[in-house]
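Order of listing sets the numbers, starting from 1, for every ligand and every atom in it. These numbers come from the heavy atoms of this one structure, side chains and all, not from hydrogens, waters or symmetry mates.
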Amino acid sequence: MQGNFTYHNPTRLHFGEDAMNHLAGELKNFGSVVMLSYGGGSIKRNGIYDAVVAALKKAGKTIVEDAGVMPNPTIEKVLEGARLVRENHVDLILAVGGGSTIDYAKAVSASAYCENDPWETYWVNQGNPTCKTVPVGTVLTMVGTGSEMNGGSVITNRKEGFKRGKVFGTELFPKFTILNPRFTMTVPQYQMVAGFFDIMSHLMEQYFAGTADCTTDYINEGLMRSLIHASRIAAKNPQDYEARANIMWTATWALNTLLKCGKGGDWEVHQIGHAIGLVTDATHGMTLASVSLPYYRHVMHDGLHQFKRFAENVWGVRPEGKTDEQVALEGLVCLEAWMKEIGVVMHSGELGVTEENLQQVVDAVLILPVGYRTLTRDEVVKILIESM
Ligand code: NZQ
Ligand code: ZN
């Protein structure tokens with residue numbers, strides 16, 4: 001039976017080649033001071049910065065520049081952004097970039113007027129803002145995280161030794177998001193396919209939980225099949241608009257709260273990935289790719305029915321004359337072949353996990369009591385060693 005849920009997603013999306021035309025209309029809904037948050041400069045090289053600044057100027061906004069949001073954004077950068085918001089009385093944070101910039105913008109929004117320590121309040125104690133927050137709008141330039149239509153905000157604190165996610169409530173979902181697939185065409189191949197695997201991981205980590213015959217799983221299977229199909233095209237020809245547009249749309253639906261309706265979730269691959277990211281600063285999607293197969297082979301027997309269903313409904317494995325275990329394993333073989341085909345990193349050693357820093361990674365893994373199996377710390381070690 002499906003579980004209980006309430007579904008509400010307040011983010012307004014504008015999708016397609018002309019999506020930027022909607023920015024002017026959106027800007028009318030906010031006050032005059034806009035903080036323009038972005039990353040290391042890719043938007044200056046590909047012209048997106050100029051287009052956004054022109055729209056802001058035309059709308060008569062005062063722009064507060066906030067550059068340099070790094071991949072895997074840090075709490076130190078969040079606190080700097082929070083100070084900028086307070087000093088300039090910012091009315092809207094416009095995040096132009098990928099998941100890192102958008103996650104950062106939500107973190108800044110919740111931290112600017114927080115009376116306590118934001119890291120402790122949100123990422124350690126998982127509390128919700130009781131202070132004023134600042135609206136966030138986004139122009140997405142890199143596909144994968146789903147941050148453009150959710151409350152997720154993953155922040156790294158190297159001093160404390162954790163990379164942690166906080167899922168804020170709907171008040172911190174972006175108020176609007178501009179989704180133009182053309183804006184993603186300059187993403188380097190490595191980042192692009194990392195994003196593809198991030199999407200697949202979001203889909204799988206919500207799929208591999210529960211035993212109910214659940215409509216949400218059928219929606220999820222459709223998204224996985226669309227992603228697999230389009231990613232094969234895009235990995236060979238990144239300029240294929242149709243494939244990139246389908247992937248962009250899939251990524252948003254993969255993590256905008258729809259697919260958790262009536263479901264639990266697993267999310268242990270993300271926890272191990274975050275620990276690798278903390279220690280190596282590796283690209284998020286690649287951290288997930290490097291541990292997924294060892295992880296899924298490890299938990300497969302605990303959720304055999306769903307791994308069998310995955311093999312049949314997502315990969316088209318024929319079950320005749322095979323045991324459930326054989327079918328399920330064949331599904332994982334198909335997953336592996338697809339990962340190699342699109343070109344993701346298959347081993348955590350390639351990302352910088354070594355015998356020397358292994359224990360640091362293990363210690364940083366948050367073990368969640370969900371999914372088909374709650375890992376012990378020793379099992380985390382085993383999975384990580386196999387992933388290297
Ligand atoms: O910094 P810039 O110059 O913008 O370059 C970025 C960055 O180097 C580049 N890039 C982005 N758009 C580009 C581009 N380069 C050329 N052309 C473009 N159009 O790509 C690099 C990676 O960007 P980043 O934002 O870090 O990537 P991604 O979107 O994968 O975000 C990763 C972060 O999101 C978190 C991850 O943990 C990680 O910190 N996540 C957030 C989630 C959420 N909010 O729900 C869920 C995810 O599971 C994930 O954990
Ligand atoms: Zn992810």
Contact check: [X] vs ligand 1, nitrogen or oxygen atoms, below 3.5 angstrom:
{"X": "Pro73", "answer": "no"}
{"X": "Phe183", "answer": "yes"}
{"X": "Ile43", "answer": "no"}
{"X": "Thr186", "answer": "yes"}
{"X": "Arg45", "answer": "no"}

Of the listed options [options], closest to [atom] (non-hydrogen atoms):
{"atom": "atom 43 (C) of ligand 1", "options": "Thr184, Asp103, Ile102", "result": "Asp103"}
{"atom": "atom 33 (C) of ligand 1", "options": "Ser100, Ala251, Gly285, Ala194", "result": "Ser100"}
{"atom": "atom 12 (N) of ligand 1", "options": "Thr101, Thr74, Thr141, Val167", "result": "Thr141"}

Under 4.0 Å from any heavy atom of [X], which atoms of ligand 1 are there?
{"X": "Asn72", "answer": "38 (C), 39 (O)"}
{"X": "Gly41", "answer": "3 (O)"}
{"X": "Lys163", "answer": "36 (C), 37 (O), 38 (C), 39 (O)"}
{"X": "Asn46", "answer": "17 (N), 18 (C), 19 (N)"}

(Q) Tell me which N, O or S atom from His270 is the closest to the Zn ion (ligand 2). (A) NE2
Q. In Asp198, the N, O or S atom nearest to the Zn ion (ligand 2) is which?
A. OD1
(Q) Using modelled atom types and a 3.5 Å cut-off, is there a donor and acceptor pairing between side-chain atoms of Arg86 and backbone atoms of Ala112? (A) yes
Q) Between Asp103 and Val154, is there a donor-acceptor pair closer than 3.5 Å when you use the side chain of the first and the backbone of the second? A) yes
Examine ligand 1 and decide if any of its atoms is less than 4.0 Å from a heavy atom belonging to [X].
{"X": "His202", "answer": "yes"}
{"X": "Gly195", "answer": "no"}
{"X": "Pro188", "answer": "yes"}
{"X": "Met70", "answer": "no"}

Q.
Between Phe162 and Trp123, is the ring centroid distance below 6.0 Å?
A. no
Q: May I ask you to check whether Tyr372 and His305 place their ring centres under 6.0 Å from each other?
A: yes
Heavy atoms only, cut-off 4.0 Å: how does [X] contact ligand 1, side chain, backbone, both, or neither?
{"X": "Thr156", "value": "neither"}
{"X": "Val187", "value": "both"}
{"X": "Asp198", "value": "side chain"}

Q: Please tell me if the side chains of Leu288 and His284 come closer than 4.5 Å, counting only heavy atoms from C-beta onward.
A: yes
Nearest to [atom], what protein heavy atom do you find, and at what distance?
{"atom": "atom 36 (C) of ligand 1", "value": "His284 CG, 3.5 Å"}
{"atom": "atom 29 (O) of ligand 1", "value": "Gly99 N, 2.7 Å"}
{"atom": "atom 2 (P) of ligand 1", "value": "Gly40 N, 3.3 Å"}
{"atom": "atom 45 (O) of ligand 1", "value": "Asn150 ND2, 3.0 Å"}
{"atom": "atom 34 (O) of ligand 1", "value": "Thr145 CG2, 3.4 Å"}
{"atom": "atom 8 (O) of ligand 1", "value": "Pro71 CG, 3.9 Å"}
{"atom": "atom 27 (O) of ligand 1", "value": "Met142 CG, 3.8 Å"}
{"atom": "atom 3 (O) of ligand 1", "value": "Ser42 N, 2.9 Å"}

(Q) Phe183 vs Val96, test: side chain to side chain contact (heavy atoms under 4.5 Å, CB included). Steps then yes/no. (A) CA-CA 10 Å; Phe183 287 0; Val96 183; over 6 Å; no
Q) Is the charged tip of Lys166 near the ring of Tyr122: under 6.0 Å from the six-membered ring centre and within 45° of its axis? A) no
Q. Given the protein's heavy atoms, is any one of them under 4.0 Å from atom 6 (C) of ligand 1?
A. no
Q: Kindly state if atom 21 (C) of ligand 1 has a protein heavy atom within a strict 4.0 Å cut-off, that is, under 4.0 Å?
A: yes
